[in-house]
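Given the structure is predicted, the values throughout are model-derived calculations rather than measurements. No hydrogens, no waters, no symmetry mates; every other heavy atom, side chains included, goes into these values.
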Amino acid sequence: DPKGLSHRLGRRKILFEKRKKISDYALVMGMFGIITMVIENELSSAGVYNKEDLMSTGLKTLISISTVVLLVLIVAYHMLEIQLFMIDNCADDWRIAMTWQRMMQIGMEL
């Protein structure tokens, strides 16, 4: 039976591991963006370069890229959360998992 308990538990374990990895990647990207932002701000305020210099633009680009990657990881995390909810509740449609609270949480995180 493809929808049996053992299949659901196996699928749940795989999704849980993926969610854990995505969470770790999101933490790394968030920390990278914050550290890069602090470095760029400190170098600029110390007069090492101006805000218009190529180095500043490069660091700001890295910050922007890390932010976009972080947003993608947040969406992927919530997609896995919805899949886990569906497995836990034997739901066939993802819209069942989309409560107002979940939608508000996703919106606030993004």
Side-chain angles (χ1 to χ4, degrees):
D1 183 20
K3 296 282 185 178
L5 181 61
S6 63
H7 178 264
R8 283 196 348 242
L9 288 174
R11 180 96 172 109
R12 187 179 195 290
K13 182 178 180 182
I14 291 168
L15 290 174
F16 188 77
E17 289 298 319
K18 283 183 182 179
R19 186 182 71 170
K20 193 167 79 169
K21 283 183 183 177
I22 286 177
S23 181
D24 292 344
Y25 293 147
L27 175 66
V28 169
M29 290 309 296
M31 292 302 297
F32 174 77
I34 290 170
I35 290 169
T36 307
M37 190 171 13
V38 168
I39 289 171
E40 194 279 328
N41 195 29
E42 290 297 320
L43 290 175
S44 176
S45 64
V48 175
Y49 58 75
N50 294 327
K51 288 282 190 181
E52 298 80 27
D53 287 349
L54 184 61
M55 181 71 153
S56 177
T57 304
L59 287 173
K60 289 177 189 173
T61 302
L62 282 176
I63 294 166
S64 297
I65 290 170
S66 72
T67 301
V68 169
V69 170
L70 185 58
L71 290 173
V72 169
L73 289 170
I74 289 171
V75 169
Y77 179 88
H78 283 288
M79 287 173 58
L80 289 173
E81 278 283 311
I82 290 167
Q83 291 176 3
L84 283 167
F85 178 88
M86 289 173 57
I87 288 173
D88 290 345
N89 295 288
C90 298
D92 292 330
D93 192 354
W94 61 271
R95 291 174 288 193
I96 293 170
M98 294 304 292
T99 62
W100 282 108
Q101 292 87 355
R102 188 181 304 268
M103 288 189 280
M104 290 298 293
Q105 181 180 0
I106 294 170
M108 293 297 288
E109 288 182 20
L110 292 177

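- In terms of hydrophobic clustering, with Ile, Leu, Val, Met, Phe, Trp and Tyr side chains grouped at heavy-atom distances under 4.5 Å, Val75 and Ile82 are assigned to a common cluster.
- Going from atom CD of Glu40 over to atom OG1 of Thr61 covers 10.0 Å, rounded to the nearest 0.5 Å.
- Annotation: Lys18, atom NZ; neighbour count of heavy atoms from other residues, nucleotides and ligands within 6.0 Å does not exceed 12.
- A donor-acceptor contact closer than 3.5 angstrom is absent between the side chains of Gln105 and Gln101.
- Linking Ile, Leu, Val, Met, Phe, Trp and Tyr residues whenever their side-chain heavy atoms come within less than 4.5 Å leaves Leu9 and Ile14 in two separate clusters.
- Remark: the backbone N or O of Ile63 is paired with a side-chain donor or acceptor of Ser66 at under 3.5 angstrom.
- Tyr77 OH to Glu109 CD: the interatomic distance, rounded to the nearest 0.5 Å, is 8.0 Å.
- Around OH of Tyr25, the count of heavy atoms belonging to other residues, nucleotides or ligands within 6.0 Å does not exceed 12.
- Cluster membership check: Val72 does not share its hydrophobic cluster with Val28, using side-chain heavy-atom separations under 4.5 Å among Ile, Leu, Val, Met, Phe, Trp and Tyr.
- A side-chain contact (heavy atoms from CB on, under 4.5 Å) with His78 is found for exactly one of Leu110, Ile22, Ile106, namely Ile106.
- Taking both residues in full, the closest heavy atoms of Met55 and Tyr49 are given as CG-CE2, 3.7 Å, listed atom of the first, atom of the second, then distance.
- Atoms NZ and CG, on Lys51 and Asn41 in that order, are 5.0 Å from each other to the nearest 0.5 Å.
- When all heavy atoms are compared, the tightest approach of Leu73 to Met29 is CD1-CG, 4.0 Å.
- Shown here is Lys21, whose NZ atom has no more than 12 heavy atoms of other residues, nucleotides or ligands within 6.0 Å.
- Expressed to the nearest 0.5 Å, how far CG of Leu70 lies from CD1 of Ile65 amounts to 13.5 Å.
- Cluster membership check: Leu62 does not share its hydrophobic cluster with Val68, using side-chain heavy-atom separations under 4.5 Å among Ile, Leu, Val, Met, Phe, Trp and Tyr.
- Counting non-hydrogen atoms of neighbouring residues, nucleotides and ligands closer than 6.0 angstrom, the CE atom of Met103 exceeds 12 such neighbours.
- Each of Phe32 and Met37 belongs to its own hydrophobic cluster when Ile, Leu, Val, Met, Phe, Trp and Tyr are linked at side-chain heavy-atom distances under 4.5 angstrom.
- Once rounded to the nearest 0.5 Å, the distance linking CE of Met31 with OG1 of Thr36 reads 10.5 Å.
- Note that the OG atom of Ser44 and the CD1 atom of Ile39 stand 13.5 Å from one another [nearest 0.5 Å].
- Taking Arg11 as the reference, nothing meets the salt bridge (charged side-chain N to carboxylate O under 4.0 Å, His left out) condition, with sequence neighbours excluded.
- Proximity of Arg19 to Met79: side-chain heavy atoms (C-beta onward) are nowhere separated by under 4.5 Å.
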